[in-house]
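Start at 1 with the first residue, then count along the sequence. Note that the structure is predicted; figures quoted are calculated from it, not measured.
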Amino acid sequence: MREISEKAADYDSYSAQEMIKLGIQTSLPIAFGYIPVALTFGILAKQAGMSILELTMMSAFVYAGASQFMGANMIISSASALEIIVATFVLNFRHFIMSLSFMNQVQSTIGRKGRVSLGLGLTDESFAVSALHIDKVDYKKGYVFFITVILTAYLTWVIGSLIGGLVGDIIPEQLSNSMGIALYALFIGLLVPSIKRNTKVILIVVIAMTVNYFFSQIMSDGWAIVLGTLIGGLSGVVLLKEESK
């Protein structure tokens, strides 16, 4: 009982300012990782014909790197608004699962409105960091820690996109055009670690690519991307589920 009381007292001793400082320190790796990708998105979005306001608002309201890159690419290919919305929804569906998981973990100490607000700000990176520090939920000011982590990542992404859009008008055209390779580098960087863990991921990628190529020959690129994402994702569910048995 004494150990429990001392532990509770220690949790209560952290002030909001200390939790903010800890949250910023914890989220710095996310921020440093977001900066170059956000800058690249801003530049590519500007090349796609988006205004500074439009690309900044896209980062503020969509706030999903892979989907924003895909959206910018679909704008370049003249995809319709409906195609972009559906493709973004499909690609970001995992966020529902992450948000529900996180909200369930913090429901004992954070109210419903707070949980919903935090869930809306989660990304793959902030979810991973929050999961690693889920013990902070037991602190009296623990919610301040999670808010700080999420806001630091969010503001870095939005401001980085804005700066990228502004820089896109300044840097040489040849250099800005070469930034397009960042989209492929981003997905390769996400793909390689997964392939190392499970070689079946290669088959899933090939299925998605084949489906996308086939449907792009008979319909618009936007709907081909949507179908490629859906069928590729479903094939991943089947293949990876079989291996887990």
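Here the CG-CE distance, from Leu53 to Met58, works out to 13.5 Å after rounding to the nearest 0.5 Å. Distance OG/Ser67 to CZ/Phe89: 11.5 Å, rounded to 0.5 Å.
Side-chain contact check for Phe69 versus Thr40: some heavy-atom pair is nearer than 4.5 Å. The shortest side-chain heavy-atom distance between Ile20 and Gln17 does not fall under the 4.5 Å cut-off.
The number of heavy atoms from other shown groups lying within 6.0 Å of CE (Met219) is above 12.
The hydrophobic clustering, which links ILVMFWY residues whose side-chain heavy atoms are closer than 4.5 Å, places Met74 and Ile85 apart. Under a hydrophobic clustering in which Ile, Leu, Val, Met, Phe, Trp and Tyr are joined whenever their side-chain heavy atoms come within less than 4.5 Å, directly or via other members, Tyr213 and Val206 fall into different clusters. Under a hydrophobic clustering in which Ile, Leu, Val, Met, Phe, Trp and Tyr are joined whenever their side-chain heavy atoms come within less than 4.5 Å, directly or via other members, Ile84 and Val62 fall into the same cluster. Using a 4.5 Å cut-off between side-chain heavy atoms of Ile, Leu, Val, Met, Phe, Trp and Tyr, with links allowed through other members, Leu230 and Leu203 fall into the same hydrophobic cluster. Both Met209 and Ile202 are part of a single hydrophobic cluster, where members link through side-chain heavy atoms under 4.5 Å apart.
Applying the under-4.5 Å side-chain rule to Ile, Leu, Val, Met, Phe, Trp and Tyr, the cluster around Leu132 consists of that residue alone.
Scored by the side chain to side chain donor-acceptor pair (under 3.5 Å) test, Ser130 finds no partners at all (sequence neighbours excluded).
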For residues 152-159, tabulate all N or O donor-acceptor pairs below 3.5 Å that involve a side-chain atom, not counting sequence neighbours.
residue, atom, partner, partner atom, Å
Thr152, OG1, Thr148, O, 2.7
Tyr154, OH, Ala60, O, 2.9
Thr156, OG1, Thr152, O, 2.7
Trp157, NE1, Ser59, OG, 3.3
Trp157, NE1, Gln68, OE1, 3.1

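In this structure, the side chain of Thr123 engages the main chain of Ser126 through a donor-acceptor pair within 3.5 Å.
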Exercise. Under the side-chain contact (heavy atoms from CB on, under 4.5 Å) criterion, do Ile218 and Phe215 qualify, and how do the steps go?
Worked result: CA-CA 5 Å; Ile218 58 176; Phe215 283 108; 3.8 Å; yes
Exercise. side-chain contact (heavy atoms from CB on, under 4.5 Å) between Leu22 and Lys136: does it pass, once the steps are laid out?
Worked result: CA-CA 10 Å; Leu22 181 60; Lys136 300 299 185 298; 3.4 Å; yes
For this session: Check the pair Met103, Leu118 against side-chain contact (heavy atoms from CB on, under 4.5 Å), reporting the backbone distance first and the verdict last.
Result: CA-CA 8 Å; Met103 290 167 66; Leu118 291 173; over 6 Å; no
